[in-house]
Amino acid sequence: VQLQASGGGLVQAGGSLRLSCTASISTFKFYDMGWYRQAPGKEREMVAVITSAITSGGNANYADSVKGRFTISRDDTQNTMYLQMSSLKPEDTAVYYCYMKNTISNRPDYWGQGTQVTVSS
C-alpha cells in the first residue's frame, strides 16, 4: 500500500492550505485515515482523524490546537483524504504525515511520505 501526500508549501500566517493524501488500495473506504505532524525538535502530534464511514460512521476528531481551523474530509470514490487548513499560524509549521489505520488497529498501519508546511509570521 502506498500513500501519496501532497499540498504542502510556504504560506503567510492567516493563510490557508489544503493537503491531500491518496492511497493505492481499493479497500480505502474501510480504513480510518488521519494526519500527524512533527515539528523540528518536537514530538509527533496527532492532528486529525476521520473514521471509515462504512465501519465507524465517518466521524472526525481534531487536536485541540487545530479545532475550528482545520477540517478533515475524505472522498472514498477517489481514495483520497484531505486536510483543509485555515487561519494558519507559525506554530503549525511541521512535516505533515498521512496514515491509514484498520479500524481494529491501535496504531497506523500505513504511512505517507510527509509534506512540509511552513507558515511565516
Side-chain angles (χ1 to χ4, degrees):
V1 177
Q2 290 188 330
L3 298 180
Q4 182 67 44
S6 62
L10 173 64
V11 64
Q12 289 188 330
S16 299
L17 281 174
R18 188 177 79 157
L19 305 184
S20 300
C21 178
T22 301
S24 63
I25 185 170
S26 61
T27 54
F28 175 88
K29 63 185 178 182
F30 294 105
Y31 285 82
D32 298 341
M33 301 291 298
W35 295 91
Y36 274 84
R37 68 185 180 185
Q38 189 163 23
K42 293 190 176 181
E43 295 283 325
R44 189 169 57 185
E45 174 189 24
M46 190 281 290
V47 177
V49 59
I50 185 165
T51 64
S52 163
I54 304 298
T55 64
S56 307
N59 298 308
N61 285 290
Y62 301 90
D64 288 342
S65 58
V66 306
K67 277 181 183 176
R69 300 188 297 121
F70 291 10
T71 302
I72 190 170
S73 62
R74 61 191 295 163
D75 183 346
D76 290 346
T77 66
Q78 300 294 321
N79 291 353
T80 300
M81 168 185 64
Y82 303 97
L83 185 68
Q84 178 67 47
M85 306 185 294
S86 302
S87 302
L88 283 162
K89 304 175 181 180
E91 51 264 45
D92 294 318
T93 296
V95 178
Y96 285 69
Y97 298 91
C98 62
Y99 70 88
M100 292 180 65
K101 185 182 77 66
N102 189 293
T103 299
I104 61 173
S105 295
N106 293 322
R107 63 187 67 183
D109 295 296
Y110 307 104
W111 289 94
Q113 84 283 9
T115 184
Q116 175 72 48
V117 172
T118 303
V119 184
S120 63
S121 56

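Quick note: numbers below take in every heavy atom, side chains included, and nothing from hydrogens, waters or symmetry partners. Sequential numbering from 1 along the given sequence is applied to the chain's residues.
- The closest donor-acceptor contact from the side chain of Thr22 to the backbone of Gln4 lies at 3.5 Å or more, if one exists at all.
- Taking CE of Met33 as the reference point, atom CG of Leu83 lies at 11.5 Å (rounded to 0.5 Å).
- Residues Ala13 and Pro90 approach most closely at CB-CD, 4.1 Å, considering heavy atoms.
- Atom OG of Ser87 sits about 7.0 Å away from atom CZ of Arg69, to the nearest 0.5 Å.
- Side-chain atoms of Asn59 do not come within 3.5 Å of backbone N or O of Thr51 as any donor-acceptor pair.
- Although no hydrogens or angles enter the test, the distance criterion places no donor-acceptor pair under 3.5 Å between the side chain of Arg44 and the main chain of Arg37.
- Ion pairing of Lys89 with Asp92 is absent here, as no side-chain N (NZ or NE/NH1/NH2) approaches a carboxylate O to less than 4.0 Å.
- Between the side chains of Ser65 and Glu45, at least one donor N or O sits under 3.5 Å from an acceptor N or O.
- Not a single donor-acceptor pair under 3.5 Å links the side chain of Thr115 to the backbone N or O of Ser6.
- Other residues, nucleotides and ligands contribute at most 12 non-hydrogen atoms within 6.0 Å of the CD atom of Gln2.
- Here the two rings, on Tyr110 and Tyr99, have centers that are 6.0 Å apart or farther.
- Across all their heavy atoms, Ala23 and Met100 have their closest contact at CB-SD, 3.7 Å.
- Once rounded to the nearest 0.5 Å, the distance linking OH of Tyr96 with CZ of Phe70 reads 4.0 Å.
- Using a 4.5 Å cut-off on side-chain heavy atoms (C-beta onward), Ile72 and Trp35 make contact.
- Taken from CZ in Arg18 to OG1 in Thr71, the straight-line distance is 11.5 Å, to the nearest 0.5 Å.
- Each of Asp109, Thr103, Asn102 was compared with Ser105 under the side-chain hydrogen bond (donor to acceptor under 3.5 Å, both in side chains) criterion, and only Asp109 meets it.
- Between the Ser56 side chain and the Gly58 main chain, no donor and acceptor come within less than 3.5 Å of each other.
- Of all the heavy atoms in Ser20 and Thr80, the pair that sits closest is CB-CG2, 4.3 Å.
- With hydrogens and angles ignored, the 3.5 Å screen pairs no side-chain donor or acceptor of Thr77 with any backbone N or O of Asp75.
- Distance SG/Cys98 to CD/Gln113: 7.0 Å, rounded to 0.5 Å.
- Ionic pairing of Lys101 and Asp32 is present here: one or more N-O contacts between side-chain nitrogen and carboxylate oxygen are shorter than 4.0 angstrom.
- Residue Leu88 forms a side chain to side chain contact (heavy atoms under 4.5 Å, CB included) with just one option from Val66, Thr118, Leu17, and that option is Leu17.
- The distance from the CE atom of Met81 to the OH atom of Tyr31 is 14.0 Å, given to the nearest 0.5 Å.
- The main-chain N or O of Val119 is found under 3.5 Å from a side-chain atom of Thr93 such that the two form a donor-acceptor pair.
- For the pair Arg74 and Phe28, the cation-pi criterion (under 6.0 Å, within 45° of the ring axis) is fulfilled.
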